Peer 1: 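Quick one: the structure is below, and I'll ask about it shortly.
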Amino acid sequence: MRYLPLTADDRAAMLAAVGASSIDDLFADVPPEARLDGPIAGLPLHASEIAVERHMRRLSKQNLAAADAPFFLGAGAYRHHIPASVDHLIQRGEFLTAYTPYQPEIAQGTLQMLFEFQSQVARLFGTDVANASMYDGSTACWEAIVMARRITKRSKALLSTGLHPHYRSVARTMAKYTRDMLVDGDPTLEAGTDWAALAAAVDKETSCVVVQYPDILGRIDDMSSLAGACQANGALLIAVVTEPVALGLIKSPGEMGADIVVGEGQAIGVGLQFGGPYVGLFACKSKYVRQMPGRLCGETVDANGKRGFVLTLSTREQHIRREKATSNICTNSGLCALAFSIHMTLLGEAGLRHLAAINHGRAKAAAAELANIPGVSVMNDSYFNEFTLRLPTDARATVHKLAEKGVLGGVSLGRLYPDNDALANGLIVAVTETVTEDDIAAFAAALKEVLA
């Protein structure tokens, strides 16, 4: 309802019912510095719809669109080619209008799609079982941390410094209310990960260790020893994957002993979309399945022996008593999960491996070209399609100068870690199959000119 005909007496009665003295009391959790104390300066109090549309169009023309420039942005959201058939299929009426199957026995099409999605995610992550999608990678990461607490009855989580800072931020926000203790920190500009240090730090109070693979700087490591250290101390190893295409080329976390694997599925079938909506991925070992959040679709046979699908586990607060729920997820990014599943089906295993090989090959070509620029060095010893450059000057300013030259040249570590001067010269560069040789040459030429 756009218009609520409330009188002053109505508002007073409502405030009294909730025990608030004023409407401002309802916003007590919003820091004072984040609140407006009056109209926004510089904006008119009103304008016609046509005038607003024209103004917004003028503003939009200031953007440098991904399709209009050499594009090397990554850091958790990746530009991949999505076949036109994906968009065509997800817009079919039976899919586009489908939502949560509250009566799952009559939603066989939706359940089958989610079953196939689960199967693909479990195979990709090297795990026994996967759920039927979550919001995004960051919230899936937090759900894994609280799942580990339920299993281990412990509340100390060790977070790798290579975990995406946005994922870490979500975990910190939620931990304030659950009183989980998070041990974390910023990465350092070096080739190796902190996984050996994490293995040494695991103790009998640790619920889980969270690592990203490849990590925020693009580094790849073997987590087998870390998994062994976790197992020896009764802790769980959680692996976070923000670039699932990488698993077409490198060993899956499940194969190396990860207990829970979560991630972001945006890179497969889901466009950048100005930051969302995306689709979270969540998988684990079968012995932990009853503590897994979200929903699980299963395969069975009906009374006539025909193949059918059921909602095997549904641990969301919508379906069972809230005090028994493992999460309060109220939707499931179902359309994005469908896009992921369609794209994965079109690729197949051979296609995914081929796509991954192309990504790595072009990243190697870009790294070699950029490393030839005076003062620029590639920090990584290993990487998939994303690596970190060490520049001779501040990377944030460099990124802005590159944009002025029509090149979207990566994500500066200064943007991700604004309070850490030691990372200011770091630049994360992502290279996917959408990058051409001309794009790499344009990036190198622009960077050389900017740094000259």
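Since the model is a prediction, treat every value here as computed from it, not as a measurement.
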Peer 1: List the residues meeting salt bridge (charged side-chain N to carboxylate O under 4.0 Å, His left out) with R149, not counting sequence neighbours, and say none if there are none.
Peer 2: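 Checked R149 against salt bridge (charged side-chain N to carboxylate O under 4.0 Å, His left out); matches are D180.
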Peer 1: Is it true that a side-chain atom of N63 and a backbone atom of A65 form a donor plus acceptor pair closer than 3.5 Å?
Peer 2: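 Judged by distance alone, no pair lies under 3.5 Å.
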Peer 1: For the residue pair V240 and C141, what are the closest heavy atoms and their distance?
Peer 2: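 For V240 and C141, the tightest heavy-atom pair comes out as CG2-SG, 3.9 Å.
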Peer 1: So which heavy atom on L402 is nearest to which on G409, and how close?
Peer 2: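 Smallest interatomic distance, heavy atoms only, reads CD1-CA, 4.0 Å.
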Peer 1: Is the shortest side-chain N to carboxylate O distance from E449 to K405 below 4.0 Å?
Peer 2: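 Salt bridge flag = yes for K405 with E449.
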Peer 1: Do you know the tightest heavy-atom contact between P293 and M147?
Peer 2: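 Smallest heavy-atom distance, with atoms named: CD-SD, 4.0 Å.
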Peer 1: Do the charged groups of D186 and R168 touch, with an N to O distance under 4.0 Å?
Peer 2: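 Here D186 pairs with R168 in a salt bridge, since their nearest N and O are under 4.0 Å apart.
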Peer 1: What are the two closest non-hydrogen atoms of T127 and G254, and how far apart are they?
Peer 2: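 T127 and G254 have their closest heavy atoms at CG2-CA, 4.4 Å.
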Peer 1: Can you confirm whether the side chains of N385 and E243 place a donor and an acceptor under 3.5 Å from each other?
Peer 2: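 Yes.
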Peer 1: Any chance you could measure H343, atom NE2, to L352, atom CG, to the nearest 0.5 Å?
Peer 2: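 If I round to the nearest 0.5 Å, the distance is 9.0 Å.
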Peer 1: Under the 3.5 angstrom rule, does the side chain of E433 hit a backbone N or O of H80 as a donor-acceptor pair?
Peer 2: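 Pair absent, no side-chain N/O of E433 close to backbone of H80.
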Peer 1: CZ/F282 to CZ/R295 distance, rounded to the nearest 0.5 angstrom?
Peer 2: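 Reported value, rounded in 0.5 Å steps: 15.0 Å.
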Peer 1: Judged by modelled atom types alone, do T206 and D203 share a side-chain donor-acceptor pair under 3.5 Å?
Peer 2: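 Short answer, yes.
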Peer 1: Could you tell me whether the side chain of T398 and the main chain of D394 form a donor-acceptor pair under 3.5 Å?
Peer 2: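 Yes; at least one donor-acceptor contact below 3.5 Å.
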Peer 1: Inspect the surroundings of CD in E205 and state if more than 12 heavy atoms from other residues, nucleotides or ligands are less than 6.0 Å away.
Peer 2: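 No - once you tally the heavy atoms of other residues, nucleotides and ligands closer than 6.0 Å, there are 12 at most.
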Peer 1: Side chains of V262 and L281, heavy atoms from C-beta outward: is any pair under 4.5 Å?
Peer 2: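 No, side chains not in contact.
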Peer 1: In terms of heavy-atom contacts, does CD of Q273 have more than 12 from other residues, nucleotides or ligands at under 6.0 Å?
Peer 2: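 Yes, the 6.0 Å shell around CD holds more than 12 heavy atoms from other groups.
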Peer 1: Identify the heavy atoms of G410 and V399 that sit nearest to each other, and give their distance.
Peer 2: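 The answer is O-CG2, 3.8 Å.
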Peer 1: Hey, mind stepping through Y383 and D215 against side-chain contact (heavy atoms from CB on, under 4.5 Å) and telling me if it holds?
Peer 2: CA-CA 9 Å; Y383 56 87; D215 74 3; over 6 Å; no
Peer 1: Should V411 and L427 count as side-chain neighbours, where that means a heavy-atom distance under 4.5 Å?
Peer 2: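 V411 does not reach L427 side chain to side chain.
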Peer 1: Please check if the side chain of N233 supplies one atom and the backbone of A235 the other of a donor-acceptor pair under 3.5 Å.
Peer 2: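 Here the side-chain-to-backbone pair does not exist.
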Peer 1: Specify whether F443 and F72 have parallel, tilted or perpendicular ring planes, treating 30° as the upper limit for parallel and 60° as the lower limit for perpendicular.
Peer 2: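 Rings of F443 and F72: tilted, 30 to 60°.
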Peer 1: Salt bridge (charged side-chain N to carboxylate O under 4.0 Å, His left out), that's the test. Do D184 and R172 meet it? Break it down for me.
Peer 2: CA-CA 10 Å; D184 58 14; R172 281 178 172 177; 3.0 Å; yes
Peer 1: Can you tell me if S333 uses its side chain to pair, donor with acceptor, with the backbone of M134 under 3.5 Å?
Peer 2: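 Yes, the answer is positive, given that a donor and an acceptor are paired below the 3.5 Å cut-off.
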Peer 1: Is a donor on one side and an acceptor on the other found under 3.5 Å between the side chain of T193 and the backbone of D221?
Peer 2: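 Pair absent, no side-chain N/O of T193 close to backbone of D221.
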Peer 1: Using atom types as modelled and distance alone, determine if a side-chain donor or acceptor of N131 lies under 3.5 Å from a backbone N or O of G294.
Peer 2: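 Between the backbone of G294 and the side chain of N131 there is no qualifying donor-acceptor contact (under 3.5 Å).
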Peer 1: So, Y78 versus E386: side-chain donor-acceptor pair below 3.5 Å or not?
Peer 2: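 Yes, a side-chain donor-acceptor pair sits under 3.5 Å.
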Peer 1: Would you give the length of the straight line joining atom CZ of R57 to atom NZ of K61, rounded to the nearest 0.5 angstrom?
Peer 2: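 One gets 7.5 Å once the value is rounded to the nearest 0.5 Å.
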Peer 1: I'd like to know if the side chain of R390 and the backbone of L189 have a donor-acceptor N/O pair within less than 3.5 Å.
Peer 2: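 Indeed, once roles are kept as given, a pair shorter than 3.5 Å links the two residues.
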Peer 1: Checking E264 side chain against T242 main chain: does a donor-acceptor pair fall under 3.5 Å?
Peer 2: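 Absent.
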Peer 1: Using side-chain contact (heavy atoms from CB on, under 4.5 Å), reason through L370 and L389 one step at a time and then give a plain yes or no.
Peer 2: CA-CA 8 Å; L370 295 170; L389 297 179; 3.9 Å; yes
Peer 1: Could you tell me if Q212 and H164 have a donor-acceptor pair between their side chains, going purely by distance under 3.5 Å?
Peer 2: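 Checked: H164/Q212 side chains show no N/O donor-acceptor pair below 3.5 Å.
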Peer 1: Measuring from M223:CE to Y213:OH, what's the distance to the nearest 0.5 Å?
Peer 2: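 One finds 5.5 Å between CE of M223 and OH of Y213.
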Peer 1: For residues L217 and L413, determine if any side-chain heavy atom of one lies less than 4.5 Å from a side-chain heavy atom of the other.
Peer 2: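 L217 reaches L413 side chain to side chain.
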Peer 1: Taking all atoms of both residues into account, what is the closest heavy-atom pair of G269 and V86, and its distance?
Peer 2: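 Heavy atoms only, the tightest pair is O-CG1, 3.9 Å.
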Peer 1: Quickly, which of D259, L158, L236, I238 forms a side-chain contact (heavy atoms from CB on, under 4.5 Å) with V209? Name it, please.
Peer 2: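 Of the listed residues D259, L158, L236, I238, the side-chain contact (heavy atoms from CB on, under 4.5 Å) partner of V209 is L158.
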Peer 1: Quick one: list whatever passes salt bridge (charged side-chain N to carboxylate O under 4.0 Å, His left out) with D136, sequence neighbours left out.
Peer 2: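 Here no residue qualifies.
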Peer 1: Would a 4.5 Å heavy-atom cut-off, applied to side chains only, mark R154 and C208 as touching?
Peer 2: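 No, their side chains stay 4.5 Å or more apart.
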Peer 1: Is a side-chain donor or acceptor of T432 paired with a backbone partner of R79 at a separation under 3.5 angstrom?
Peer 2: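 Side chain of T432 to backbone of R79: a pair is present.
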Peer 1: Between S224 and D222, does a side-chain hydrogen bond (donor to acceptor under 3.5 Å, both in side chains) hold up when you go through it step by step?
Peer 2: CA-CA 6 Å; S224 301; D222 188 333; 2.7 Å; yes
Peer 1: Give a yes-or-no answer on whether the side chains of Q120 and T345 include a donor-acceptor pair shorter than 3.5 Å.
Peer 2: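 There is such a pair (donor and acceptor under 3.5 Å, judged by atom type) between the side chains of Q120 and T345.
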Peer 1: Do other residues, nucleotides or ligands put more than 12 heavy atoms under 6.0 Å from E53 CD?
Peer 2: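 Check passes, neighbour count above 12.
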Peer 1: Does the side-chain contact (heavy atoms from CB on, under 4.5 Å) test come out yes or no for F387 and D381, once each step is laid out?
Peer 2: CA-CA 9 Å; F387 51 85; D381 287 337; over 6 Å; no
Peer 1: Assess whether atom CG of L59 is packed by more than 12 heavy atoms of other residues, nucleotides or ligands within 6.0 Å.
Peer 2: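 Yes, because the 6.0 Å sphere around CG of L59 holds more than 12 heavy atoms from other groups.
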Peer 1: Any side-chain heavy atom of F125 within less than 4.5 Å of one from S252?
Peer 2: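 They are not in side-chain contact.
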Peer 1: Any chance CZ of R179 has more than 12 other-residue heavy atoms, nucleotides or ligands included, within less than 6.0 Å?
Peer 2: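 Counting other residues, nucleotides and ligands, CZ of R179 stays at 12 neighbours or fewer.
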Peer 1: Roughly how far apart are L346 CG and I268 CD1, rounded to 0.5 Å?
Peer 2: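 The CD1 atom of I268 is 11.5 Å from CG of L346, to the nearest 0.5 Å.
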Peer 1: Less than 4.5 Å apart, any side-chain heavy atom of P165 and any of I216?
Peer 2: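 The answer is yes, as the side chains (C-beta and beyond) meet within the 4.5 Å cut-off.
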Peer 1: Step by step, work out the side-chain contact (heavy atoms from CB on, under 4.5 Å) result for N380 and T388.
Peer 2: CA-CA 7 Å; N380 304 60; T388 299; 3.8 Å; yes
Peer 1: Decide yes or no for F117 and C297: does some side-chain heavy atom of the first lie under 4.5 Å from some side-chain heavy atom of the second?
Peer 2: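 Heavy-atom side-chain distance check fails, nothing below 4.5 Å.
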Peer 1: Other residues, nucleotides and ligands only: do more than 12 of their heavy atoms fall within 6.0 Å of NZ on K448?
Peer 2: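 Incorrect, the count does not exceed 12.
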Peer 1: Are L237 and L226 side-chain neighbours, meaning at least one heavy-atom pair lies under 4.5 Å?
Peer 2: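 The answer is yes, as the side chains (C-beta and beyond) meet within the 4.5 Å cut-off.
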Peer 1: Just wondering, are more than 12 heavy atoms of other shown residues or ligands nearer than 6.0 Å to CZ in R150?
Peer 2: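 Yes, CZ of R150 has more than 12 neighbouring heavy atoms, counting only those of other groups under 6.0 Å.
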Peer 1: Distance from N359 atom CG to F384 atom CZ, nearest 0.5 Å?
Peer 2: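 With rounding to 0.5 Å, CG (N359) is 4.5 Å from CZ (F384).
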Peer 1: Determine, stepwise, if the pair K285 / D128 fulfils salt bridge (charged side-chain N to carboxylate O under 4.0 Å, His left out).
Peer 2: CA-CA 5 Å; K285 292 180 177 178; D128 299 324; over 6 Å; no
Peer 1: Please determine whether a side-chain nitrogen of the Lys or Arg among R362 and E437 lies less than 4.0 Å from a carboxylate oxygen of the Asp or Glu.
Peer 2: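 The answer is no: the pair does not qualify as a salt bridge.
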